[in-house]
There are 2 protein chains.
Amino acid sequence: MRNLKLTIQYDGTRYKGWQRLGNTENTLQGKIEQVLSRMTGETIEIIGSGRTDMGVHAQGQVANFKTSCTKSVDEIQQYLYQYLPEDIVVSQIEEVDERFHARYHAVAKEYVYKIWNAPYHNPFLRKYVVHIPQPLNLEAMQRAVPYLLGEHDYSAFVSSRSKKKSNVRELYSIDITKQDSLIELTFRGNGFLHNMVRIITGTLLEVGHGRMKPAYLKEILERRDRTLAGPTAPAKGLHLVKVYY
Amino acid sequence: MRNLKLTIQYDGTRYKGWQRLGNTENTLQGKIEQVLSRMTGETIEIIGSGRTDMGVHAQGQVANFKTSCTKSVDEIQQYLYQYLPEDIVVSQIEEVDERFHARYHAVAKEYVYKIWNAPYHNPFLRKYVVHIPQPLNLEAMQRAVPYLLGEHDYSAFVSSRSKKKSNVRELYSIDITKQDSLIELTFRGNGFLHNMVRIITGTLLEVGHGRMKPAYLKEILERRDRTLAGPTAPAKGLHLVKVYY
């Protein structure tokens, strides 16, 4: 059996998220499996590096699948390009060791959360950024970042629906940049809990709006209490940019 | 009567172009007039700086209209922002002299034509760029530019449907830039004929593909023969960026 690693870009607007749900095909995993199954004549199951929620986008999601198909990597990529919808592009395929597992072997991930910070929204970016018309204090947001970095129990910043055994993760960096009206928060860490990027973003935005002091994030983190943190920022601003192995 | 100048951004994907056509409302002019007429109780007619074709986008279309409405400029902008669809944003409104005319008084325009030059298309930009997978010789395209600049009769680069009396225009500059996979051709001139930017782009792309020599563009221009020029590049790559007064 061959083991193939896919790097995938998608505009998540139309999808119910990454994970296949029963027989509905309107998921990213389902769409890709459907095309691969048709191509190979096998029942293909792909393993993603992790789920992305409904409406979340990806520039570099990674998945792998096993197959007996003898087509070349280029032929498979062409087939996928031809039969996948326009909003999903498999940008790379590599032959990998049979033991490679897209979820278990991921050692780090990079997410970007995008905000359009101007009085009016941008009609071209409206599906890929969250629009915040009020001015934001970026300097205060930047002062809050160090309290969140390092290895911690991030229970304060996880969806209450999460059922992970451990909420300990290591967050390496959060870079906040602004170019014209576009603010980007880039998160790098060894793993992210469900909604973690969106809840940390929502909390940093409370700081940006002046409703929370930067140092208060240390207390939220230590008290591990989701109710102290900010709201979950909307899905459409979130992009999975890169998975490291 | 007041005379108001609007600066308008739109994602042209869903529209039949700028110009109102009979009773169908699926044009940009029609949509904006409908909201302004409802707001004022008058039958508002807006004058655009020029038409944009079906599928063409704008970051800086300009229009003006006359009204007896007594709302403040800010109130009008808020009303438009609330009632226009998400893909149309009036980014600025100014009170102007009653003689100001968005079409007659335009002295120059800037258009950008966007090309995604990579083996696979970009799912996030797919509606705003044209995808060209083949490598392009940008240096050759740049060498062709000087033959096109200056004051000329651009009959070779105008849609056969055009009924203008004179095809003489002055083209000030065409800048070609590439950042990562995104190529932008920026056109500045005192006026543009119907499809002129798209036909010049289609012709420069013939040069980029190596199917036409740069110096041949001089001959095309001089012979004023549309059949010698390249194809009309697709609408979705074209953006009206700025109108100068």
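All values derive from a computational prediction rather than experimental measurement. Each chain gets a letter, A, B and so on, in the order the sequences are listed, and its residues count up from 1. Hydrogens, waters and symmetry mates are skipped; everything else that's a heavy atom, side chains included, is used.
A cation-pi geometry, defined here as NZ or CZ lying under 6.0 Å from the six-membered ring centre and within 45° of its normal, does not hold between A/Lys109 and A/Tyr111.
Only the side chain of A/Tyr81 comes within contact range of chain B, judged by heavy atoms closer than 4.5 Å. Proximity to chain A involves both the backbone and the side chain of B/Tyr120, based on heavy atoms less than 4.5 angstrom apart. Contacts of B/Tyr128 with chain A are made by side-chain atoms alone, with heavy-atom separations under 4.5 Å and no backbone atom involved.
Note: A/Tyr172 and A/Phe187 fail the aromatic proximity criterion, with ring centroids not under 6.0 Å apart. Between A/Tyr10 and A/His57, the ring centre distance reaches or exceeds 6.0 Å.
The residues B/Lys127 and B/Asp11 are annotated as not salt-bridged, no charged nitrogen and carboxylate oxygen being separated by less than 4.0 angstrom.
Among A/Gln9, A/Gln59, A/Gln77, A/His121, the residue making the largest number of heavy-atom pairs under 4.5 Å with chain B is A/His121.
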